[in-house]
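The figures that follow rest on heavy atoms only: side chains count, while hydrogens, waters and symmetry mates do not.
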Amino acid sequence: CPPARVPIAYICNSTKGMAGVFVKTVGIRKQYLASVTLVLVVAALCYLLVPGYAYRIVAFILLLSVSMVAVSFSIFPVLLSATLSAFIWDYFFIPPRFRLQVSNAEDAILLLMYFLIAVINAVLTYKIRQVEILVRKKEEKANNFKLYDTILSSLSHELKTPISTIIAATDNLQSTNTSLSGEIKDDLVKEISKAALRLNEQVENLLSMSRLESGSIQRRLTWCDIGDLVYLVINKIEANTSYHTINIQVKTDLPLFRTDKVLLEQIIHNLVNNAIRHTPSGTRINVLASIYGTQLVLIVDDNGSGFPPGEMADVFDKFYRLKSSAPGGTGLGLSIVKGFTEALGGSVTLENNPNGGARFTVTINGELSKLKTNP
């Protein structure tokens with residue numbers, strides 16, 4: 001059974017500081033420009049607002065601006081800002097003004113110390129950033145191994161079971177030593193069909209998660225009849241289950257809705273399949289679709305036992321499985337639901353029904369056609 005949760009996003013985000021974000025998103029030219037601009041703006045404000053005799057205070061203000069640059073940018077823009085700020089402080093603030101000279105030893109020492117502190121600050125901040133990068137890479141590598149272990153342990157069951165079923169059934173069908181009745185052959189063919197569909201489902205989930213992780217999902221918007229789409233998905237599911245009752249509630253006069261049909265089908269399929277997997281036989285599953293304004297609202301609920309309150313916030317996480325769930329399942333279904341819903345510009349929520357069971361609500365914004373008219 002795979003681990004309940006692999007908090008990769010948390011680990012990566014916790015080690016990525018503000019500096020890493022800025023360095024990755026701001027080009028080196030913009031870093032130079034921003035560094036120089038910040039020092040010049042701060043110096044101009046100090047020149048206008050700080051009295052001439054308080055030039056030592058200006059040094060602390062300029063040093064603060066250099067520290068802000070050091071936290072955010074690469075080392076060379078920081079060294080430039082440190083050098084520029086030292087020059088500005090000497091030329092515009094240290095008496096005598098507008099000359100590159102210092103009148104006394106105390107100010108000369110202060111100027112030298114200012115420059116050294118600014119440079120040391122830049123170098124140390126750069127070194128800290130490099131250490132953060134190394135730590136992050138090590139943690140990402142370690143978590144990649146955890147991911148591989150999780151995937152392998154999950155797939156070892158989820159893929160091996162249907163494959164074994166298909167092999168066993170085909171061996172029986174091809175056996176020449178055993179005379180099989182027509183009824184038994186039909187049962188074996190049905191077992192092969194169910195196992196093949198289960199195998200296809202797991203592969204589809206893995207491919208879908210791969211698309212989400214790579215950011216390669218591109219919406220292909222078409223006009224969809226929501227009622228037809230819901231019935232199409234449910235009919236496929238009902239063909240492989242006889243232990244649950246699925247009730248569909250979709251108005252016949254809903255307008256056409258412009259969305260990605262493939263993504264929406266996967267959302268409905270995963271939600272209903274999740275309800276089937278985690279509720280006992282005889283559970284009633286309701287699938288409701290309605291439109292409010294320009295929003296499509298899909299609801300999938302059941303009268304099962306619901307979700308443990310302490311785990312509801314985690315069910316959409318990748319590879320997450322309930323602590324009380326039976327062995328099996330990759331923990332990808334609901335994560336894909338969340339990813340595909342967000343790719344369509346919508347949101348999904350989970351709540352427990354007051355009378356028992358769970359309710360998933362998917363809300364997607366889109367375009368509507370004119371209302372359909374019944375013949």
Practice item. Show your working on side-chain contact (heavy atoms from CB on, under 4.5 Å) between Ile192 and Leu173 and close with a plain yes or no. Key: CA-CA 11 Å; Ile192 293 174; Leu173 288 173; 3.8 Å; yes
Has the side chain of [X] got a donor or acceptor atom that lies under 3.5 Å from a matching backbone atom of [Y]?
| X | Y | answer |
| --- | --- | --- |
| Asp260 | Val262 | yes |
| His269 | Lys236 | no |
| Arg129 | Phe73 | yes |
| Ser193 | Val189 | no |

Using side-chain heavy atoms (C-beta onward) and a distance below 4.5 Å, is [X] in contact with [Y]?
| X | Y | value |
| --- | --- | --- |
| Asn303 | Asn286 | no |
| Ile291 | Lys251 | no |
| Leu264 | Ile226 | yes |
| Leu296 | Thr259 | no |
| Asp107 | Leu111 | no |
| Leu256 | Asp225 | yes |
| Phe360 | Val337 | no |
| Leu350 | Val315 | yes |

Exercise for review: List the steps and the verdict of side-chain contact (heavy atoms from CB on, under 4.5 Å) for Leu110 and Trp89.
Suggested key: CA-CA 11 Å; Leu110 284 176; Trp89 186 47; 3.9 Å; yes
Of all the heavy-atom pairs spanning [X] and [Y], show the shortest one and how long it is.
| X | Y | result |
| --- | --- | --- |
| Phe257 | Asn365 | CZ-C, 3.9 Å |
| Thr341 | Ser347 | CG2-N, 3.3 Å |
| Arg97 | Tyr47 | NH1-CE1, 3.5 Å |
| Ala289 | Val250 | CB-CG2, 3.8 Å |
| Phe93 | Tyr55 | O-CB, 3.4 Å |
| Gly333 | Asn270 | O-ND2, 3.1 Å |

Straight-line distance of [X] [atom1] to [Y] [atom2], nearest 0.5 Å:
| X | Y | atom1 | atom2 | value |
| --- | --- | --- | --- | --- |
| Ser81 | Leu40 | OG | CG | 10.5 Å |
| Leu334 | Asp314 | CG | CG | 12.0 Å |
| Ile268 | Asn273 | CD1 | CG | 13.0 Å |
| Leu112 | Asp90 | CG | CG | 11.5 Å |
| Leu80 | Ser74 | CG | OG | 12.5 Å |
| Arg220 | Lys261 | CZ | NZ | 14.0 Å |

Check your understanding: Should Ile267 and Leu344 be marked as a side-chain contact (heavy atoms from CB on, under 4.5 Å) after you check the CA-CA gap, both sets of side-chain angles, and the distance that decides it?
Key -> CA-CA 11 Å; Ile267 290 170; Leu344 293 176; 4.0 Å; yes
Verify same cluster id: [X], [Y] (apolar side-chain graph, 4.5 Å):
| X | Y | result |
| --- | --- | --- |
| Val297 | Val348 | no |
| Leu288 | Val230 | no |
| Leu62 | Leu116 | no |
| Met68 | Leu124 | no |
| Leu368 | Leu221 | no |

Practice item. With side-chain contact (heavy atoms from CB on, under 4.5 Å) as the test, would you mind laying out the steps for Ile364 and Val362 before giving the verdict? Key: CA-CA 7 Å; Ile364 300 173; Val362 175; 3.8 Å; yes
Review point. Can Asp317 and Lys338 be counted as an ion pair, charged N to O under 4.0 angstrom?
Key: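 Result for this pair is no, no salt bridge flagged.
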Practice item. List the steps, then state whether side-chain hydrogen bond (donor to acceptor under 3.5 Å, both in side chains) holds for Ser85 with Tyr114. Key: CA-CA 9 Å; Ser85 64; Tyr114 172 89; 2.7 Å; yes
Check your understanding: Counting heavy atoms not belonging to Ile57, are there more than 12 under 6.0 Å from its CD1?
Key ->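 Open: at most 12 neighbouring heavy atoms sit under 6.0 Å from CD1 of Ile57.
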